[in-house]
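Accompanying notes for the structure given below.
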Amino acid sequence: MSFQNPVFIPGPTNMPEEIRKSIYMPTIDHRSPLFGEILHPALSGVKKVLKSETAEIFIFPSTGTGGWETALTNTLSAGDKVLAARNGMFSHRWIDMCQRHGLDVQVVEATWGTGLPADRYEEILKADTNHEIKVVLATHNETATGVKSDIGAVRKALDAAGHPAMLFVDGVSSIASMDFRMDEWGVDIAVTGSQKGFMLPAGLAIVGFSPKAMAAVEGATLPRTFFDIRDMQKGYAANAYPYTPAVGLMNGLKLATEMLLDEGLENVFARHHRIAEGVRLAVNAWGLELCAQSSDVYSDTVSAIKTPEGFNATDIVTHAASKYGVAYGVGLGEVAGKVFRIGHLGQLTDVLALSGIATAEMVMADLGLDIKLGSGVAAAQDYYRNSTVASQKAAA
Ligand SMILES: *Cc1c(COP(=O)(O)O)cnc(C)c1O
């Protein structure tokens, strides 16, 4: 008997059965046309998910963090100037990685719970008349706080300043779940991983390079070996990797992109939005607040929920795991102990979301919080009953 429950952490996400099966495959020669039949469709599927006509896609056996490193080391040299804002744990970690690589990061501090300040970016870029800033970093969806930022606005800031810096975007917890427009937003490098919107286990760093980012590769002198995209390019041309690829995961990625494109990206985004709205209505019914400070920054993939002063939010996560076998996300960094997170991305339906909301209510009631059982569930039920999604009906 299996007592497996869905997880409500913001990655790794729940996996569709078909994807699990696709990963479990016999060994093949990973330097053969047979591997090419997995590799090339996976690369072109990712390109479509990024909404790009021109990006070159690179997939490494790694995680999102390796994607960050791929972006930096292939395009920059020690001492290069980078502009980045810190509004949560993930933007913080990317900044930390830049610093450890000897890059000169100008950090804009932003309140956790707010989005990236595109207006501050614009001021700084305008003041940088010698164009010393080589790259602007932007975390599309801050998974620690449940905050989405406006990447189009960051692009506008660059354009308004007439600044030639490249724009690198961390889309690890947004790509394949929330609208992402690599070409339209002029994103030069998009970074993600396999275990969030792509509904796979962790193990792949997925990165898209614009032609402008590709042009920066030769001049960049940061050391790189494993993550050198030039070796990867040569490998791909021969249906191979410079080393051994994670063939099963690649097969899963190929299928995941097919499933996402089959559902239709806009339907995928609408489903995530709907499910997130239900969660947010539940939070409101509980009398609790989101860490995200205004509705324009609400994330459709993760909600960070503030608990009352003096209560340790991490107890919710611990108790949910031990009593009900259900996983929620803990607060990270500045908001550790102050928020718990409900991840609502990947393979989720209304029914699964309702189970996550219902279990959270039991947990909070057990721990003595003033939560009326069923209040959040009812708010979400009302919303889900009265707004249906085309792709879910079709699947039924
Ligand atoms: C999960 C996540 C990462 C880190 O990815 P790993 O796969 O754990 O290395 C980076 N950025 C964001 C926004 C994330 O959500």
Side-chain angles (χ1 to χ4, degrees), residues 7-15 46 50 58-73 84-98 100-101 110 112-116 136-151 154 167-180 182 187 189-208 226-227 246 249 252-253 256 272 276 291-292 297-304 327-336 339-346:
V7 294
F8 296 95
I9 46 178
T13 61
N14 300 294
M15 287 186 275
V46 166
L50 295 179
F58 299 98
I59 302 171
F60 293 88
S62 182
T63 69
T65 305
W68 286 343
E69 188 161 328
T70 301
L72 303 179
T73 57
R86 175 162 37 216
N87 67 338
M89 200 59 192
F90 290 91
S91 40
H92 166 71
R93 286 189 186 147
W94 205 5
I95 289 167
D96 176 60
M97 177 185 277
C98 289
R100 291 205 231 170
H101 277 86
W112 288 36
T114 65
L116 299 178
V136 174
L137 299 187
T139 301
H140 186 199
N141 189 71
E142 196 20 281
T143 318
T145 55
V147 162
K148 146 188 99 177
S149 285
D150 185 348
I151 302 302
V154 176
L167 173 59
F168 292 180
V169 178
D170 172 348
V172 180
S173 63
S174 59
I175 287 168
S177 309
M178 283 158 56
D179 195 11
F180 188 89
M182 181 158 183
V187 174
I189 299 188
V191 175
T192 188
S194 48
Q195 79 275 26
K196 297 190 184 173
F198 287 111
M199 305 170 287
L200 292 158
L204 299 176
I206 300 167
V207 191
F226 188 84
F227 291 120
L249 284 176
L253 180 63
H272 280 82
C291 180
V297 299
Y298 288 169
S299 163
D300 284 339
T301 59
V302 54
S303 294
Y328 300 96
V330 294
L332 300 172
E334 244 180 55
V335 292
V339 306
F340 75 103
R341 294 175 299 154
I342 299 184
H344 33 80
L345 74 163

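Ligands are counted one by one from 1 in listed order, and the atoms in each one are counted from 1 as well. For the numbers below, each heavy atom of this structure counts, side chains included, while hydrogens, waters and symmetry mates do not.
Using a 3.5 Å distance cut-off with no hydrogens or angles, the side chains of Ser303 and His344 do pair a donor with an acceptor.
The single protein non-hydrogen atom nearest to atom 7 (O) of ligand 1 is Gln195 NE2, 2.7 Å, given as residue, atom name and distance. Closest to atom 11 (N) of ligand 1, if we only count protein heavy atoms, is Asp170 OD2, 2.6 Å.
Leu116 is listed as a side-chain neighbour of Asn87, based on a closest heavy-atom distance under 4.5 Å.
Heavy atoms from both the backbone and the side chain of Thr65 come within less than 4.0 Å of ligand 1. Only the side chain of Lys196 comes within 4.0 Å of ligand 1, counting heavy atoms alone; its backbone N, CA, C and O stay farther away. In Thr63, the parts holding a heavy atom less than 4.0 Å from any atom of ligand 1 are both the side chain and the backbone. Within the 4.0 Å heavy-atom criterion, neither part of Arg93 lies near ligand 1.
Rounding to the nearest 0.5 Å places CD1 of Ile206 at 8.5 Å from CD of Gln195. A distance of 10.0 Å separates CD1 in Ile189 from CG in Leu137, rounded to the nearest 0.5 Å.
Backbone and side-chain nitrogen or oxygen atoms of Thr139 are examined, and none is located within less than 3.5 angstrom of a nitrogen or oxygen of ligand 1. In terms of polar-atom proximity, Trp68 is not counted as a contact of ligand 1, lacking any N or O under 3.5 Å from an N or O of the ligand. The shortest N or O to N or O distance between Phe90 and ligand 1 is not below 3.5 Å.
With Met199 as the fixed residue, the side chain to side chain contact (heavy atoms under 4.5 Å, CB included) test singles out one of Asn14, Thr13, Leu345, Leu253: Thr13. Partner of Asn141 under the side-chain hydrogen bond (donor to acceptor under 3.5 Å, both in side chains) criterion, out of Ser177, Ser174, Ser173: Ser173 alone.
Set against the non-hydrogen atoms of Thr143, the atoms of ligand 1 under 4.0 Å away are 12 (C), 13 (C), 14 (C), 15 (O). Listed by number with element, the atoms of ligand 1 under 4.0 angstrom from any heavy atom of Ser173 are 13 (C), 15 (O). Listed by number with element, the atoms of ligand 1 under 4.0 Å from a non-hydrogen atom of Asn141 are 13 (C).
Between Phe340 and Tyr328, the angle of the ring planes goes over 60°, which puts this pair in the perpendicular group of the 30/60° scheme. Between Trp94 and Trp68, the ring-plane angle classifies as parallel under the 30° and 60° cut-offs.
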